[in-house]
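First comes the structure, then the notes that go with it.
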Amino acid sequence: MADIPNDPSVGIDAATGGTITGWDHVQQSLMDIFWTRFGERVMREWYGSFIPGLLGQNITTQDVTPFFVAVASAIEQWEPRYRVTELVPVKVTRTGELHIFMAGEYRPRAVYGDFTVEGARRVDVFVGADGIRSQSRQDGQ
């Protein structure tokens with residue numbers, strides 16, 4: 001049986017075209033999932049999330065829960081290397097901006113069925129008129 005690499009998270013950096021690995025690759029994957037509408041990809045019509053349909057609207061306090069559901073379900077469905085453990089609204093403004101704190105577990109080998117947690121990861125997600133962006137930090141930072 002072939003050896004499985006310790007860090008199977010390897011891909012192409014969308015910004016530079018270079019190699020991206022580990023947690024950086026997972027975070028890029030999360031943003032790709034969040035930005036992609038269902039039906040947008042020809043060969044993978046069911047890939048994506050409901051998040052793009054929520055963007056461009058004035059997000060009110062009533063819209064926070066559907067946004068959380070869209071985030072959590074998209075991650076659960078498409079990104080096994082990250083498991084959300086907590087979603088907390090940080091800020092909702094009258095201009096439709098939303099800032100949420102997302103905590104979870106980084107499981108780098110989950111694509112191979114090994115759900116061992118390497119560590120906690122925190123992601124700040126910002127949603128506004130310019131779309132969605134995130135900022136990440138490891139536990140303890």
Side-chain angles (χ1 to χ4, degrees), residues 1-93 95-141:
M1 186 166 148
D3 288 334
I4 298 173
N6 286 337
D7 189 359
S9 301
V10 178
I12 298 173
D13 188 320
T16 67
T19 302
I20 188 171
T21 62
W23 172 247
D24 292 334
H25 184 253
V26 173
Q27 188 172 2
Q28 176 179 284
S29 175
L30 290 173
M31 294 309 297
D32 183 64
I33 294 165
F34 294 162
W35 273 103
T36 305
R37 291 180 186 275
F38 287 121
E40 189 173 309
R41 300 241 175 123
V42 175
M43 298 301 287
R44 296 179 71 190
E45 292 180 11
W46 295 108
Y47 175 81
S49 70
F50 289 112
I51 295 169
L54 298 172
L55 298 177
Q57 303 174 21
N58 284 333
I59 295 176
T60 64
T61 53
Q62 292 80 17
D63 297 324
V64 172
T65 301
F67 186 81
F68 279 11
V69 170
V71 167
S73 64
I75 293 171
E76 181 70 25
Q77 184 174 10
W78 296 111
E79 187 48 82
R81 297 170 295 174
Y82 187 68
R83 181 178 160 275
V84 176
T85 57
E86 182 179 20
L87 285 168
V88 178
V90 177
K91 182 179 177 183
V92 180
T93 68
T95 60
E97 295 175 359
L98 172 65
H99 174 197
I100 65 171
F101 166 81
M102 182 170 58
E105 300 170 339
Y106 173 46
R107 309 175 305 185
R109 297 172 52 81
V111 294
Y112 296 120
D114 177 3
F115 297 101
T116 304
V117 177
E118 183 178 284
R121 297 293 191 276
R122 299 175 181 193
V123 182
D124 286 312
V125 180
F126 304 92
V127 181
D130 58 343
I132 186 170
R133 62 184 173 82
S134 70
Q135 180 179 357
S136 173
R137 60 183 186 264
Q138 292 184 14
D139 197 27
Q141 289 184 343

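Side chains are part of it too, since the values below use all heavy atoms of this structure and drop only hydrogens, waters and symmetry mates.
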Check the angle between the aromatic planes of Y82 and W23 and answer parallel, tilted or perpendicular using the 30° and 60° thresholds. tilted
Plane angle bin for W46 and F38 - parallel if under 30°, tilted between 30 and 60°, otherwise perpendicular: tilted
Pair Y47, I33 - check side-chain contact (heavy atoms from CB on, under 4.5 Å), show working. CA-CA 7 Å; Y47 175 81; I33 294 165; 3.2 Å; yes
Which residues pass the side-chain hydrogen bond (donor to acceptor under 3.5 Å, both in side chains) test with E79, sequence neighbours left out? S29, R81
Taking only residues two or more places apart in sequence or in another chain, which ones pass side-chain hydrogen bond (donor to acceptor under 3.5 Å, both in side chains) with R107? none
What closest approach, in Å, do S49 and A74 show between heavy atoms, and which atom pair accounts for it? CB-CB, 3.5 Å
Is the side chain of Q28 donor-acceptor paired with the backbone N or O of I12 at a distance under 3.5 Å, no angle test? yes
Treating T85 as the side-chain partner and A103 as the backbone partner, does any N or O pair qualify as donor plus acceptor under 3.5 Å? yes
Within 6.0 angstrom of E76 CD, more than 12 heavy atoms from elsewhere: no
Between K91 and D124, does any side-chain N to carboxylate O distance fall below 4.0 Å? no
Residues I51, W35; criterion side-chain contact (heavy atoms from CB on, under 4.5 Å); working and verdict: CA-CA 7 Å; I51 295 169; W35 273 103; over 6 Å; no
Looking at side-chain heavy atoms only, is the closest gap between P89 and F68 below 4.5 Å? yes
Give the C-alpha distance, both sets of side-chain angles, the deciding distance and a yes or no for side-chain contact (heavy atoms from CB on, under 4.5 Å) between M102 and I75. CA-CA 11 Å; M102 182 170 58; I75 293 171; 3.6 Å; yes
